[in-house]
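From a predicted model like this one, the values you see are computed outputs, not experimental measurements. Proteins get letters first, then strands, A, B, ... in listed order; numbering begins at 1 in each.
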Number of protein chains: 2
Amino acid sequence: MIEYKKELQRLIEDFKTNYLPSVSVDLVIFGFHDGQLKVLLLRWKGTEEWCLPGGRIRNDENLDDSAYRSLRERTGLREIFLQQFYTFGDVLRYKHIDQHETLRKLGLPEEAVHEFANRDVSVGYYALVEFENVVPTPDFFTDECRWWDINQVPTLLFDHNDMISLALKTLRRQLSYQPIGYSLLPDKFTMPDLQQLYETILGQSLDRRNFQKRMLGYGILERLEERKFGGAHKAPYLYRFDKEKYEKVLAEESLFVG
Amino acid sequence: MIEYKKELQRLIEDFKTNYLPSVSVDLVIFGFHDGQLKVLLLRWKGTEEWCLPGGRIRNDENLDDSAYRSLRERTGLREIFLQQFYTFGDVLRYKHIDQHETLRKLGLPEEAVHEFANRDVSVGYYALVEFENVVPTPDFFTDECRWWDINQVPTLLFDHNDMISLALKTLRRQLSYQPIGYSLLPDKFTMPDLQQLYETILGQSLDRRNFQKRMLGYGILERLEERKFGGAHKAPYLYRFDKEKYEKVLAEESLFVG
DNA sequence: TTATAATGCGTATTTTCAACACAATAATAC
DNA sequence: GTATTATTGTGTTGAAAATACGCATTATAA
């Protein structure tokens with residue numbers, strides 16, 4: 001326990017010295033499994049309170065890189081789809097909880113509690129990751145990191161429920177005018193797999209035949225000779241993303257500055 | 001001059017006490033005049049360097065409110081279209097200029113120069129305002145505030161050229177799936193006026209007849225009995241936005257959280 | 001008074017999107 | 001083995017939306 005407090009002290013000192021004050025990054029990490037859309041959440045030490053993963057920005061670090069770093073630390077993944085969607089800065093962002101109470105449970109000293117209780121402006125990013133490859137890893141302030149079904153997310157700390165809502169809304173909109181799926185599915189997948197992903201994200205069923213036409217229309221899928229046997233009935237073809245074309249289509253509609 | 005330095009000292013002290021460190025807000029304020037799209041820029045005191053208007057966030061102030069406040073201070077306008085579009089946080093945001101040199105020209109003390117030279121994470125907002133109603137007003141650090149033609153914007157300080165590009169891109173996209181024009185045009189306007197606005201923003205010409213059909217299709221325009229005489233040839237009708245319906249259509253597609 | 005050029009309103013044409021039909025096929029039941 | 005069943009692969013058709021275009025009307029200018 002003394003070790004913990006020492007470590008905490010070091011951490012706070014480190015934050016003050018090497019990280020930007022009053023700004024942070026929060027991540028909505030979407031995964032896909034069992035036909036369900038999932039988000040990765042963290043449970044704060046010694047509490048039953050859950051929240052989104054996030055992090056702070058080093059003085060010498062780009063904002064985007066900071067988001068990538070946090071994502072890597074929580075999931076073990078690199079090179080995945082990550083996109084900024086909104087920046088949150090309401091004074092009452094922290095209204096949902098008795099902030100001080102929760103922070104004290106973590107064993108923070110008074111000074112640190114005060115430090116933490118100030119409103120940060122937080123830049124929201126959302127990520128799409130392949131469920132199977134993720135190794136959920138808690139950080140210093142949390143002792144559990146796991147997937148939650150998107151429909152069963154509890155009331156979270158801060159304004160994190162709002163963040164998830166807006167991230168999902170942005171994701172759905174993005175889905176309707178550009179392809180998504182590269183980092184959410186295994187390397188080889190069937191058309192029904194892809195369709196189920198879309199239906200899960202959009203929350204509605206789609207016509208199988210029209211869906212296939214549209215996906216092939218993007219010109220980003222490569223049909224393999226292989227087929228997926230073992231399921232009941234006719235065996236569907238396996239597909240793979242043509243990464244080069246995929247990136248190209250994505251870039252055309254991207255919001256980012258070149 | 002002593003008065004100036006004292007005031008500056010006060011300002012810096014005020015920033016340290018009452019404003020969030022390492023975060024700021026920048027505004028891309030679009031206006032429309034003479035068939036040209038304009039942006040409002042500021043010239044730094046004693047230099048020929050131009051930049052976007054912006055501001056800082058008070059400790060007790062919502063992020064959005066801070067943007068509205070800056071906008072009000074620069075234009076004298078309130079209740080206009082303002083929307084967040086991206087947050088910029090590259091370490092090299094300030095690469096475009098010899099930062100220290102420029103800041104020293106402003107008469108900042110060494111300490112303040114160091115303060116200013118650190119990278120801020122900046123939240124970008126864009127606004128649409130009615131050109132005629134704006135009273136361009138410089139702030140403490142600038143001695144000129146005026147409109148620039150969007151095609152003649154010079155190389156700006158920081159990453160402000162990128163900001164304008166991205167704001168324009170976002171505006172164009174927004175234009176294609178929801179009506180815009182309420183705060184950019186005078187109360188009464190003709191269909192050709194509106195079309196010219198669209199063509200200017202999009203940078204391409206549109207079919208006159210199809211444009212009219214689409215605009216009327218939104219159901220947000222009210223045609224008046226009046227017509228606009230004086231121009232050459234046939235006199236076009238005057239229109240006015242039905243604000244209630246306008247807001248309704250706008251709200252349906254908004255990105256913001258309720 | 002006539003010519004000009006822009007407006008108001010309307011009609012084809014094309015393209016896109018949504019709904020639906022049917023043969024092929026891998027597992028399952030018998 | 002053989003027939004059955006549910007699912008996949010590949011179409012076609014029709015509606016709706018977007019786009020292209022035609023023509024009479026009209027305020028100014030010649």
Side-chain angles (χ1 to χ4, degrees), chain A residues 34-35 172-181 185-186 188-240 249 252-253, chain B residues 34-35 172-181 185-186 188-240 249 252-253:
Chain A
D34 265 351
R172 282 177 176 167
R173 169 173 301 178
Q174 181 145 359
L175 206 63
S176 62
Y177 60 79
Q178 75 175 211
I180 275 183
L185 290 171
K188 298 174 184 176
F189 52 89
T190 67
M191 197 57 79
D193 288 340
L194 186 61
Q195 181 171 349
Q196 193 186 32
L197 168 64
Y198 269 67
E199 290 181 339
T200 303
I201 293 179
L202 292 174
Q204 62 179 342
S205 58
L206 302 168
D207 183 279
R208 183 176 61 82
R209 294 149 287 187
N210 295 332
F211 178 80
Q212 168 146 338
K213 246 177 291 178
R214 211 176 78 206
M215 285 305 124
L216 295 179
Y218 283 131
I220 57 169
L221 291 179
E222 179 192 358
R223 190 169 92 176
L224 309 175
E225 291 308 315
E226 268 179 281
R227 303 209 273 168
K228 186 185 176 187
F229 298 91
H233 316 299
K234 187 170 177 178
Y237 283 103
L238 284 169
Y239 289 83
R240 184 161 49 195
V249 171
E252 279 169 11
E253 262 304 327
Chain B
D34 267 348
R172 282 178 177 164
R173 170 174 298 178
Q174 180 144 3
L175 207 63
S176 62
Y177 59 79
Q178 74 176 211
I180 274 184
L185 290 171
K188 297 173 184 176
F189 54 89
T190 68
M191 197 58 79
D193 287 340
L194 186 62
Q195 182 173 347
Q196 195 185 31
L197 169 64
Y198 268 67
E199 290 182 338
T200 303
I201 293 178
L202 292 174
Q204 62 179 340
S205 58
L206 303 169
D207 184 277
R208 183 174 61 82
R209 295 150 287 189
N210 295 331
F211 178 80
Q212 169 146 341
K213 246 178 290 180
R214 210 176 79 206
M215 285 304 125
L216 296 180
Y218 282 131
I220 56 169
L221 292 179
E222 177 191 359
R223 189 169 91 176
L224 310 174
E225 289 308 313
E226 269 179 280
R227 300 210 273 169
K228 186 186 177 186
F229 297 92
H233 316 301
K234 185 168 177 179
Y237 283 103
L238 285 169
Y239 289 84
R240 186 162 45 196
V249 172
E252 280 169 12
E253 262 303 327

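Among the nucleotides dA27(D), dA18(C), dA27(C), the one closest to the side chain of A235(B) is dA27(D). Set against dT12(D), dC9(C), dT11(C), the side chain of K213(A) has dT12(D) as its closest nucleotide. Side-chain atoms of F229(B) lie closest to dT28(D) of the nucleotides dT28(D), dT7(C), dA18(C). Here the nucleotide nearest the side chain of D207(A), chosen from dC20(C), dT28(D), dA26(C), is dC20(C).
Across every non-hydrogen atom of A235(B) and K228(B), the tightest pair is CB-O, 3.5 Å. Of all heavy-atom pairs spanning R240(B) and L224(B), the tightest one is NH2-CD2, 3.5 Å. Considering every non-hydrogen atom in both L216(A) and M191(A), the closest pair reads CD2-CE, 4.0 Å. Nearest approach of E199(B) to L206(B), heavy atoms of both residues: OE2-N, 2.8 Å.
For DNA chain C, none of the residues of residues 189-201 of chain A falls under the heavy-atom distance limit of 4.0 Å.
The nearest whole Å value for the distance from the NE2 atom in H233(B) to the C1' atom in dT26(D) is 11 Å. Distance N210(B) CG to dC9(C) P: 15 Å, rounded to the nearest Å.
The list of ring-ring contact (aromatic ring centres under 6.0 Å, His included) pairs with a residue in residues 205-236 of chain B, not counting sequence neighbours, reads Y198(B)-F211(B).
Atom CG in D193(A) sits 8.0 Å away from atom CG in L238(A) (nearest 0.5 Å).
Comparing P236(B) and K228(A) by the nucleotide of DNA chain C that holds the closest heavy atom to each, the one mapping nearer the 5' end is P236(B). Nearest-nucleotide positions on DNA chain D for Y239(A) and G231(B) put Y239(A) closer to the 5' end.
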Would you please test L221(A) and F189(A) for side chain to side chain contact (heavy atoms under 4.5 Å, CB included) and show each step?
CA-CA 10 Å; L221(A) 291 179; F189(A) 52 89; 3.8 Å; yes
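The base of dT7(C) sits with one of its N or O atoms less than 3.5 Å from a complementary donor or acceptor on the side chain of K234(B). Put simply, the side chain of R209(A) and the base of dA21(C) share a donor and an acceptor less than 3.5 Å apart. Evaluation of atom-type donor-acceptor distances gives a pair under 3.5 Å for the side chain of R208(A) against the base of dG9(D).
Here R223(B) reaches the OP1 or OP2 of dC9(C): one of its side-chain N or O atoms lies under 4.0 Å away.
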